[in-house]
Amino acid sequence: MEDQKMHDALDSFVESLKQEQENDQLLEHSPKKLTIAEKDQDYKGWEKLETVLKKVVEIICMDPEVRVETDTEEMMISVYGKDLGMAIGKNGKNIEALEHIINLIAARQKLADTNIAIDIKDYRKKKAEKVKKTALKMAEKAAKEGIKIKLKPMSAFERKVVHNALAGFKNIKTISKNREPYRRIVIYPVQENQ
């Protein structure tokens with residue numbers, strides 16, 4: 001019964017954030033250079049976001065020993081615990097949802113001045129390594145055979161990994177195509193005279 005009430009409360013909260021976003025009531029989230037006082041305030045904001053994320057993951061996974069670590073250089077909050085599969089979700093979909101909620105709260109409450117990435121039990125870190133490895137193989141194939149290669153649809157996080165991994169290649173270019181949830185990257189070979 002309490003689980004259902006908590007679930008309903010979270011659903012209601014997410015719905016209110018979505019409505020605010022649709023009505024453009026959320027504060028814009030534009031990166032800027034911070035003063036020392038603003039950095040202190042920004043760090044306090046991160047601490048509040050860590051607390052919110054920790055609490056939500058504890059509720060979702062029924063794990064009272066959830067631990068969070070923040071990397072402000074990578075702009076990432078990582079979550080660790082015993083059984084966090086429910087918070088990860090199928091293909092990391094629940095991580096994406098949690099990240100969306102945390103960034104909405106950060107913008108609404110002015111708790112952070114940049115988008116924050118969320119990882120749970122290094123799921124995204126491991127996924128990024130696999131995606132990068134595949135992207136490098138496909139880039140070599142596209143360049144060697146002179147053909148365009150369509151990668152499977154990916155999340156925004158995975159697309160960013162691919163674009164970053166292939167940014168240094170001069171003999172290929174990457175372009176994101178289609179709309180969510182079918183958005184994918186196409187790797188094009190680039191001729192030397194172009």
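Atoms considered below: every heavy atom in the structure, side chains included; atoms not considered: hydrogens, waters and symmetry mates.
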How close do Ile95 and Ile118 get, counting heavy atoms only, and between which atoms?
CG2-O, 3.4 Å
Does the distance from a Lys or Arg side-chain N to an Asp or Glu carboxylate O, for Glu180 and Arg159, drop under 4.0 Å?
yes
Look up atom CD in Glu140 and atom CD1 in Ile172, then write down how far apart they are to the nearest 0.5 Å.
10.5 Å
Closest non-hydrogen atom pair, Ala112 against Leu49:
CB-CD1, 4.0 Å
As a quick check of understanding, evaluate side-chain contact (heavy atoms from CB on, under 4.5 Å) for Leu136 and Leu166, giving each step before the final call.
CA-CA 7 Å; Leu136 291 171; Leu166 303 183; 3.8 Å; yes
Residues which pass salt bridge (Lys or Arg N to Asp or Glu O under 4.0 Å) with Lys54, listed by chain and number, not counting sequence neighbours:
Glu58
Do Val190 and Met138 land in one hydrophobic cluster if side-chain heavy atoms of ILVMFWY residues count as linked below 4.5 Å?
no
Hydrophobic cluster membership, Val68 vs Met86, 4.5 Å side-chain cutoff
yes
Between Trp46 and Ile116, does the side-chain contact (heavy atoms from CB on, under 4.5 Å) criterion hold? Intermediate values first, please.
CA-CA 9 Å; Trp46 277 70; Ile116 298 168; 3.7 Å; yes
Are Ile101 and Leu84 connected, step by step, through hydrophobic side chains (Ile, Leu, Val, Met, Phe, Trp, Tyr) whose heavy atoms are closer than 4.5 Å?
yes
In terms of heavy-atom contacts, Pro189 and Gly146 come closest through CG-C, 3.5 Å
Between the side chains of Glu69 and Arg67, is the shortest nitrogen-to-carboxylate-oxygen separation below 4.0 Å, so that they form an ion pair?
yes
Co-membership, hydrophobic cluster, residues Ile120 and Met76, 4.5 Å side-chain:
no
Are any of the side-chain nitrogens in Lys125 or Glu74 under 4.0 Å away from the carboxylate oxygens of its partner?
no
Go through the steps to decide whether Val79 and Leu98 satisfy the test side-chain contact (heavy atoms from CB on, under 4.5 Å), and finish with yes or no.
CA-CA 11 Å; Val79 182; Leu98 286 169; over 6 Å; no
Can you hop from Leu151 to Ile147 via hydrophobic side chains spaced under 4.5 Å?
yes
4.5 Å side-chain heavy-atom contact, Asn94 and Ile88
no
With Arg124, the side chain to side chain donor-acceptor pair (under 3.5 Å) member among Glu158, Glu129, Glu99:
Glu99
Should the heavy atoms of other residues, nucleotides or ligands under 6.0 Å from NZ of Lys121 be counted, would the total exceed 12?
yes
